[in-house]
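Everything below concerns the one structure shown next.
All of these numbers come straight from a predicted model, not from anything done at the bench. Counting starts at 1 for both ligands and their atoms, following the listed order.
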Amino acid sequence: MSDNQLANKSQAWSALFSEPMSDLVKRYTASVGFDQRLWRADIAGSLAHAEMLAAQGILSAEDHATIQRGLGEIAAEIEAGRFDWKLDLEDVHLNIEARLTERVGIAGKRLHTGRSRNDQVATDVRLWLRGEIDEISGLLAALQRVLVDKAGEHAGVILPGFTHLQVAQPVSFGHHLLAYVEMFARDSERLADARKRVNRLPLGAAALAGTSYPLDRERVARTLGMEACSQNSLDAVSDRDFAIEFSAAATLVMLHISRLSEELILWMSQNFGFIALPDAFCTGSSIMPQKKNPDVPELARGKTGRVVGHLVGLVTLMKGQPLAYNKDNQEDKEPLFDTVDTLKDTLRIFADMLAGLSVKPEAMRAATLKGHATATDLADYLVKKGLPFRDAHEVVAHAVKTATQQGVDLAALTLDQLKTFDARIEADVFDVLSLEGSLNARNVLGGTAPAQVRAQVARHRARLG
Ligand code: ARG
């Protein structure tokens, strides 16, 4: 087949095809519009494959050198934006291979020996995703560092802790931020774990059954830094579990970002007034001059929906496929690419935005004083004086009722008033009823006492390096 013929896909397959594809079918089946972003992985995979073919005596040293040079030149062309991607050549793989043959001649036609696009594309996506996971892990660590620094700064700042969005107990603002650090730390673990299964080599499975050439698959795996070879050729070309696992991990990252976004949005509303986000991350209104809207967290909450959608899309894509490769699999790319792009942008923007977060401790304190947040502390105080907890709970409920009727916080009742609920109450009760007293009392591992928060900050700093 001549090089010109390879450039014309309707004839590229074989003499079997007698009529050309319509433009619509070409457009419908082609993936080059989006899969060209795999070019680095495609070239890395081809270089490793060619090197192994030469080492095994399947390719001459001369052809190997020619292929190496040609692929290097093509990489430079793509890098410089001088590569002419052709829809007629369907995808990134055929585009690069055809260009190689165009540049170096017959040696280019030998590259595809012992290989199929089915094992090639699975290899490319894995190589590409491995690099993205490493980048995302770095971004997740950077975001955690910002949160840990803020937590250290605000370990002693008191915020109303909510259950059911009702004031529950005072908590440290630093402690609250560290809750998100725990979530992102788990996300990092999940990504690192998924990476192990991403980093396996399908190449050598060929179309579906393996190949009759004496390939050294372990050698290719070593060259590409992959941890193992896939052990079943049918599974190797058809498996997209790794993409789904990554998407599930990415969905959880976005879910955590979305929960944090919801809190930032609430905290920034006038009714809370707990924080301010830097102006660079907010927008105004075209009609209401007084407005400053938390657009970035709102969009992140919205974009979480599309990442969830991609996960569901991928799962649905796979659920009905028989072994082995089916063209359906080409549809794995756009959701995966968009998930990666959305995640990376979101993590970057959140690290920058949160570094500029300003906190309003007075507003947080005032809000904490509104909800009898230390009622549990009074009950615990009575338990320590010998009252069974259930009785103490009842006593405090009466005290809360009285304070509410008088429109004051529990801590604002006088000692005489408090004594009417239980004679065991003494003057030392006011330490217990204070917000600081309540906070400091929770000095248990994982508790909100500032001493615990500072210990956690130190632990996270050591972990994150
Ligand atoms: N562009 C295709 C994909 O992304 C490459 C594999 C094509 N293989 C095939 N037998 N048509 O899945």
Side-chain angles (χ1 to χ4, degrees), residues 1 6-14 16-17 20-22 24-46 49 74 78 83 85-101 111-132 198 200-211 230 232-244 246-247 310 313-341:
M1 196 193 318
L6 187 58
N8 179 349
K9 212 194 81 180
S10 63
Q11 295 169 38
W13 309 121
S14 75
L16 207 63
F17 288 75
M21 250 182 199
S22 77
L24 175 60
V25 175
K26 247 182 229 173
R27 203 159 39 72
Y28 195 75
T29 55
S31 53
V32 66
F34 48 85
D35 71 10
Q36 55 183 267
R37 79 155 77 187
L38 297 174
W39 69 268
R40 277 180 211 282
D42 194 69
I43 288 179
S46 288
H49 180 65
I74 289 171
I78 300 174
F83 191 90
W85 297 101
K86 296 195 176 91
L87 194 73
D88 274 347
L89 287 168
E90 191 178 310
D91 58 22
V92 61
H93 323 292
L94 289 179
N95 266 270
I96 290 177
E97 194 192 330
R99 180 69 181 138
L100 180 67
T101 301
L111 171 63
H112 212 51
T113 311
R115 185 176 80 168
S116 151
R117 277 187 302 154
N118 297 351
D119 56 346
Q120 187 180 359
V121 69
T123 303
D124 289 5
V125 176
R126 285 168 182 270
L127 280 176
W128 169 81
L129 186 56
R130 182 182 72 183
E132 297 296 335
V198 169
R200 289 178 191 169
L201 182 74
L203 215 57
L208 76 165
T211 176
S230 50
N232 179 294
S233 60
L234 295 166
D235 180 48
V237 290
S238 62
D239 169 48
R240 295 295 181 273
D241 290 359
F242 71 92
I244 293 173
F246 166 78
S247 297
H310 294 326
L314 285 174
V315 170
T316 312
L317 175 69
M318 296 309 296
K319 73 175 270 296
Q321 286 195 48
L323 291 177
Y325 177 87
N326 302 282
K327 186 75 168 178
D328 313 39
N329 285 345
Q330 184 167 287
E331 285 289 305
D332 65 352
K333 287 171 201 63
E334 285 162 294
L336 200 54
F337 293 168
D338 188 69
T339 296
V340 164
D341 292 344

Thr211 and Arg115: side chain donor to acceptor below 3.5 Å: no
Between the side chains of Asp91 and Gln330, does any donor sit under 3.5 Å from an acceptor? no
closest protein heavy atom to atom 11 (N) of ligand 1 is Arg117 NH2, 3.5 Å
Test item: side-chain donor near acceptor, His93 and Asp124, under 3.5 Å: yes
Give yes or no for whether the N/O distance cutoff of 3.5 Å, strictly under, is met between His93 and ligand 1. no
Protein heavy atom at shortest distance from atom 1 (N) of ligand 1: Gln330 OE1, 2.8 Å
From Ser31 atom OG to Leu87 atom CG, the distance as rounded to the nearest 0.5 Å: 9.5 Å
Polar contacts were defined as any N/O atom of the residue lying under 3.5 Å from an N/O atom of the ligand; does this apply to Asn329 and ligand 1? no
Could you list which atoms of ligand 1 come closer than 4.0 Å to a heavy atom of Ser31? 1 (N)
Point-to-point distance, once rounded to the nearest 0.5 Å, from CG of Asp241 to CG of Asp235: 7.5 Å
Identity and separation of the nearest protein heavy atom to atom 8 (N) of ligand 1: Asn118 OD1, 2.9 Å
Distance in Å, Gln36 CD paired with Asn95 CG, rounded so as to fall on 0.5 Å steps: 8.0 Å
Is any N or O atom of Asp91, backbone or side chain, closer than 3.5 Å to an N or O atom of ligand 1? yes
Identity and distance of the protein heavy atom lying nearest atom 12 (O) of ligand 1: Tyr325 OH, 2.4 Å
For the residue pair Arg200 and Phe242, would you count it as a cation-pi contact if the rule is NZ or CZ under 6.0 angstrom from the ring centre and within 45 degrees of the ring axis? no
With heavy atoms only and a cut-off of under 4.0 Å, state how Lys333 meets ligand 1: side chain, backbone, both or neither. side chain
